[in-house]
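Take a look at the structure set out below.
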2 protein chains.
Amino acid sequence: MSLEKVTAIGRADPKRGYDDACGTAHALELIGERWALLVLREMMLGPRRFSGLRDDLPGISANVLTQRLGELEERGLVRRRRLPPPASVQVYEATEWGLEAEPIVQALGRWAARSPRHDPTLPISGVSILLSFRTMIDRAAARDWDSRIGFRFGETSYIAHIHHGSIDIARGEVVGCDALFDGEPTQIAAIVYGGAPLDTVRVDGDEDLARRFLTLFTLPPKIG
Amino acid sequence: MSLEKVTAIGRADPKRGYDDACGTAHALELIGERWALLVLREMMLGPRRFSGLRDDLPGISANVLTQRLGELEERGLVRRRRLPPPASVQVYEATEWGLEAEPIVQALGRWAARSPRHDPTLPISGVSILLSFRTMIDRAAARDWDSRIGFRFGETSYIAHIHHGSIDIARGEVVGCDALFDGEPTQIAAIVYGGAPLDTVRVDGDEDLARRFLTLFTLPPKIG
DNA sequence: CCGTATCCAATAAGATACTG
DNA sequence: CAGTATCTTATTGGATACGG
C-alpha cells in the first residue's frame, strides 16, 4: 500500500507541478512536457495512428510517444479508440477539450513566426502546414473567396474550404475541388512561405486559382 | 559497435530542437523549457529583479532561474538592464517581442481554466492575477465602465483602468483611484474566482464599485 | 505492422551551500 | 541581494527486444 501511494503521489498525479493557481501554469502542467503539444497538434484535423504520429514527429522516440499519449489520455485531452472491424486498428483522437487547444497552437505559431531564428525550410507535417493556413490567412484578401482546395499528402488527403475570409479544413477524399495540390508538405511550405517555385509539387485543376491561393498567407515581419 | 561521436554531433548544434518548420514547434524551442514562460509572464507588467522573480515563482531554484534568464536574453525576449545610480540594481525586462507573447499566456490560461484539475486556491502572484483580469474580463459587462482600480501587493502597486470593455494595467502609485484593494494576490483570487468573502483584503474608496468590479471576471465552464 | 517494455547514456531540473 | 558551484535526482532519447 505505502509503496504504491508514494509512487502515485510523488510522480503520477501532477508529475512536477508549479504550485501556482495561474491558469497558464496549470496549462503547462497539462501540455507543457516536451512533445506533448505537438502530439496534440497532429490530432487537430482528425484521429491518428501511432505510426503516423511517429512519422510526423521527427525525432520522437516510441517510448516517449507512448508516455505522452498516456498522459494526454489520462488528462482528458486525447481518447483512444479502436476502429470497428475489419479495420480494427487503434487510433488516438483529440477530445472536444483537446481540440479547444488550437488557439494555443495558433498563438504560439503566430508569435514564433517573427523569430529571426525560424527556419521555414525544415521538414513539416501535413497537419502543421494546413493549421498554419488557418493561422496565417489574410482575412481581408480571402473575404470574397468561396473555393475548395484539395491536398494530397501521400495516403492522406484534405480539403480546405476558403470562404468569408476564413478557412475550414477537413480530412477526406479530394472530390469537388477547384484545385488540388499533390506533394510533400515541406515543399508546399517552401512555396508559400519561402517563395519557392510552384513546380516542385503537382497541381491539378485551376492553376491560376492555386497560385492566388498561395498568396493568401503571409508571415508577419521579423523582429529587429 | 556504435560510434561515440555520432550522437555528440547530432545534437550539439541546436540544444534539443524539434527539427520542424512549424511555428508552434519553434515557439516551444524558444519558450518551451520548464519555467520559461512563467518567468516571462512575471515581466509582462514591467521590469523585475532576480529576487522578485524568485519570490513569485514558488519552487524555482536559483540556478534554473539564472539559466532561463540567460536563455531568454540570448533569444531576444528579455533584456538585462542596470538602473542608474543610486538604485544601481539590475533588472530584467521583456523586450517588445517578449511582450507580444501575452496572447500565448492568455490562450493557455483561458484554455486551462476549463480543466477539472485546476485549483484556484493555490498561491498566485500579483502579475498573474492582474493578467488573468485581462484574460477573463467580461467585455460586455465592462462596456460602459470608466474606472480606475488600484492594487497594493506589499511593496508593489498597480492601477487597472477599466474602460470600453477592456482593461489597461500599469505599475505605479495608486493615486486617483476610485477603489483600492490592499492584500495578498492569492486572497484576491479566492474572492474573484473562488467566491470567498471580500473581508480578507482591505478595500478603500468606493466599496460598491469594488464589489461590482469583482463580478466582471468569470471563469469558463468546466469540461465534463 | 502496432505498440509496449527495458536498459543505457546524455541532459535537465532540484536542493543546497557558497561567494562577491 | 544576486547570482554560482556542486551534487543528486528525474527526464529524455536511442537501441533493442518482446508480445499482439
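Only a predicted model underlies this, so the values are computations on that prediction, with no experimental measurement involved. Here is how names work: the chains are called A, B, and so on, in the same order as the sequence lines, proteins then strands, and each is numbered from 1.
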Could you pull out the protein-nucleic contacts involving nucleotides 18-20 of chain D (nitrogen or oxygen on both sides, under 3.5 Å)?
none

Could you check how far [atom1] of [X] sits from [atom2] of [N], rounded to whole Å?
| X | N | atom1 | atom2 | answer |
| --- | --- | --- | --- | --- |
| B:Arg82 | D:dC1 | CZ | P | 15 Å |
| A:Leu53 | C:dT4 | CG | P | 11 Å |
| A:Leu57 | D:dG14 | CG | P | 13 Å |
| B:Phe50 | D:dA2 | CZ | C1' | 6 Å |
| B:Leu69 | D:dC1 | CG | P | 16 Å |
| A:Leu65 | D:dG13 | CG | C1' | 13 Å |
| B:Arg48 | D:dA2 | CZ | C1' | 15 Å |

* **salt bridge (Lys or Arg N to Asp or Glu O under 4.0 Å) contacts touching residues 183-192 of chain A (sequence neighbours left out)** => none
Are any side-chain N or O atoms of [X] and backbone N or O atoms of [Y], one a donor and one an acceptor, separated by less than 3.5 Å?
| X | Y | result |
| --- | --- | --- |
| B:Trp111 | A:Gly23 | no |
| A:Thr135 | A:Arg110 | no |
| B:His118 | A:Ala21 | yes |
| B:Arg75 | B:Leu30 | yes |

* To do: Treat primed atoms plus P, OP1 and OP2 as sugar-phosphate and everything else as base, then score nucleotides 13-20 of chain C 5' to 3': B for base contact with protein heavy atoms under 4.0 Å, S for sugar-phosphate contact only, - for none.
  => SBB-----
* Asked: With respect to the side chain of B:Tyr92, which nucleotide from C:dG3, D:dG3, D:dA2 is positioned closest?
  -> D:dG3
* Quick one, which residues of residues 36-46 of chain B touch DNA chain D with a heavy atom under 4.0 Å? -> none
* Checking all strands, does A:Ser51 fall into the base, sugar-phosphate, or nothing category for heavy-atom contacts under 4.0 angstrom? -> sugar-phosphate
* Asked: Using Watson-Crick and G-U wobble pairs whose two distances are both under 3.5 Å, how do you write the pairing of DNA chain D as dot-bracket, with | for links to another strand?
  -> |||||||||||||||||||.
Show me the donor-acceptor pairs within less than 3.5 Å that the side chains of residues 39-58 of chain A make with the rest of the protein, sequence neighbours left out.
| unit_1 | atom_1 | unit_2 | atom_2 | d |
| --- | --- | --- | --- | --- |
| A:Arg41 | NE | A:Ser128 | OG | 3.1 |
| A:Arg41 | NH1 | A:Ser128 | OG | 3.1 |
| A:Arg41 | NH1 | B:Asp20 | OD2 | 3.2 |
| A:Arg41 | NH2 | A:Ser128 | OG | 3.2 |
| A:Arg41 | NH2 | B:Asp20 | OD2 | 3.1 |
| A:Glu42 | OE1 | A:Arg48 | NH1 | 2.8 |
| A:Glu42 | OE2 | A:Ser125 | OG | 2.7 |
| A:Arg48 | NH1 | A:Glu42 | O | 3.2 |
| A:Arg48 | NH2 | A:Gly52 | O | 3.3 |
| A:Arg48 | NH2 | A:Asp56 | OD2 | 2.8 |

* Locate the shortest heavy-atom distance separating B:Ala27 from A:Leu108; write the atom from each residue and the value. => CB-O, 3.5 Å
* Structure fact -> Residue set satisfying salt bridge (Lys or Arg N to Asp or Glu O under 4.0 Å) with B:Glu29, at least two apart, ordered chain then number -> none
* Mind checking what makes salt bridge (Lys or Arg N to Asp or Glu O under 4.0 Å) contact with A:Arg80, not counting sequence neighbours? -> A:Glu73
* **With B:Thr121 via side chain to side chain contact (heavy atoms under 4.5 Å, CB included) - residues at least two apart** => B:Asp119
* Structure fact -> Applying side chain to side chain contact (heavy atoms under 4.5 Å, CB included) to A:Pro220 and not counting sequence neighbours gives A:Ala113, A:Arg114, A:Met136
* To do: State which residues pass ring-ring contact (aromatic ring centres under 6.0 Å, His included) with B:Tyr193; sequence neighbours excluded, sorted by chain then number.
  => none
* Structure fact -> For A:Phe181, the ring-ring contact (aromatic ring centres under 6.0 Å, His included) test, sequence neighbours excluded, returns A:Phe151
* Check whether any side-chain heavy atom of B:Leu131 lies under 4.5 Å from a side-chain heavy atom of B:Glu102, and answer yes or no. => yes
* To do: Ignoring backbone atoms, establish whether B:Arg49 has a side-chain N or O less than 4.0 Å from OP1 or OP2 of D:dA2.
  => yes
* D:dG3 phosphate, OP1 or OP2: any side-chain N/O from B:Gln90 under 4.0 angstrom? -> yes
